[in-house]
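The structure follows.
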Amino acid sequence: MERLLSKRFFERDPAVVAEELLGKVIIRNLEGSILKGMIVETEAYYGAEDPASRARRGKLPHNRLMWEDPGTVFVYVVHGNNLFNVVTMPRGIPSAVLIRAVRPLEGIDTMMRNRKVKDLRNLANGPGKLCEALGITRDLNGLKVYDPKSPLRIVDSGITGLEVARSHRIGVREDLETPLRFYVRGSEFVCRNTPSRHKSLL
DNA sequence: AGGAAGATCTACT
DNA sequence: GTAGATCTTCCTA
């Protein structure tokens, strides 16, 4: 059974949403095919108080979606890669969760075509790779992941019993003290189990 | 107008 | 483990 996550689900602290998104399933309708992947790695981002956040310098044209309704799709480009975020917290409070990796479940042939790789583990084990595999670009900005008509949605398909691990965020120049990266312990589909520059905390 | 930085990825050693 | 590609946005002049 698949149940769409509610707008309220996202209207909370991004660290809580990031942790609870592990095991949820992304559904992407792309040119007639249906792609599905289970989220195995996420990171939480805050506003002005977070030196690693796109929102740290205030509201600007490129980051304005972080002030939008919870559940809004926010795609940003870094180093030529698209990064898929979902906006969190009540409207007006900038914050978001970055989806860093998914485990491919359905539409794997299409994902392999999009990515031009055949190794299942290398299909969506990184924020840029995941966007390429699922065809996620800035065209999708502003969509709501809780909207049944959206071509990009997130559902609860009843997956439970995953062991959650946590570490500092990857690739950021300056991190907060609290570890804000969450991943499924032992999964073959996460980007890295142990970040090189920071020790992994329970 | 130009340079630098960045929530990355790949290939190579 | 490190280097280079890549491209959009921001900051300074």
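Residue numbering restarts at 1 for every chain, and letters A, B, ... go by the order of the sequence lines.
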Just name whichever nucleotide pairs with B/dA1, Watson-Crick or G-U, keeping both distances under 3.5 Å, else none.
C/dT12

Nearest whole Å is fine: how far is B/dA11 C1' from A/K116 NZ?
17 Å

Rounded to the nearest 0.5 Å, how far apart are CG of A/L143 and OG1 of A/T72?
9.0 Å

Measure from the side-chain heavy atoms of A/N81 and tell me the nearest of B/dA5, C/dT9, B/dC9.
B/dC9

Going by distance alone, is a donor N or O of one side chain under 3.5 Å from an acceptor N or O of the other, for A/R153 and A/N29?
yes

Nearest whole Å is fine: how far is C/dT8 C1' from A/N141 CG?
13 Å

How close or far is atom P of B/dT8 from atom NZ of A/K129, stated in whole angstroms?
12 Å

Within this structure, what is the CD1-to-P distance between A/I99 and B/dT8, rounded to whole angstrom?
14 Å

Grab the CG-P distance between A/D175 and B/dG6 for me, whole Å please.
14 Å

Roughly, in whole Å, what's the span from CZ in A/R56 to P in C/dC11?
9 Å

Check for me, please, whether A/V16 and A/L21 land in the same ILVMFWY cluster - side-chain distances under 4.5 Å, paths through other members count.
no

A/R138 near the nucleic acid: base, sugar-phosphate alone, or nothing, with a heavy-atom cut-off under 4.0 Å?
sugar-phosphate

Measure from the side-chain heavy atoms of A/L83 and tell me the nearest of C/dT9, B/dT8, C/dT8.
B/dT8

Taking only side-chain nitrogens and oxygens of A/R100, does any of them come within less than 4.0 Å of OP1 or OP2 of B/dT8?
yes

Taking OP1 and OP2 of C/dC10, is either one under 4.0 Å from a side-chain nitrogen or oxygen of A/R57?
no

Could you check how far NE2 of A/H79 sits from C1' of B/dT10, rounded to whole Å?
13 Å

Counting C-beta onward and ignoring hydrogens, is there a side-chain heavy-atom pair between A/F189 and A/V184 closer than 4.5 Å?
no

Separation of C/dT9 C1' from A/L65 CG (nearest whole Å):
15 Å

CZ (A/R91) and CD (A/E68) are apart, to the nearest 0.5 Å, by 4.0 Å

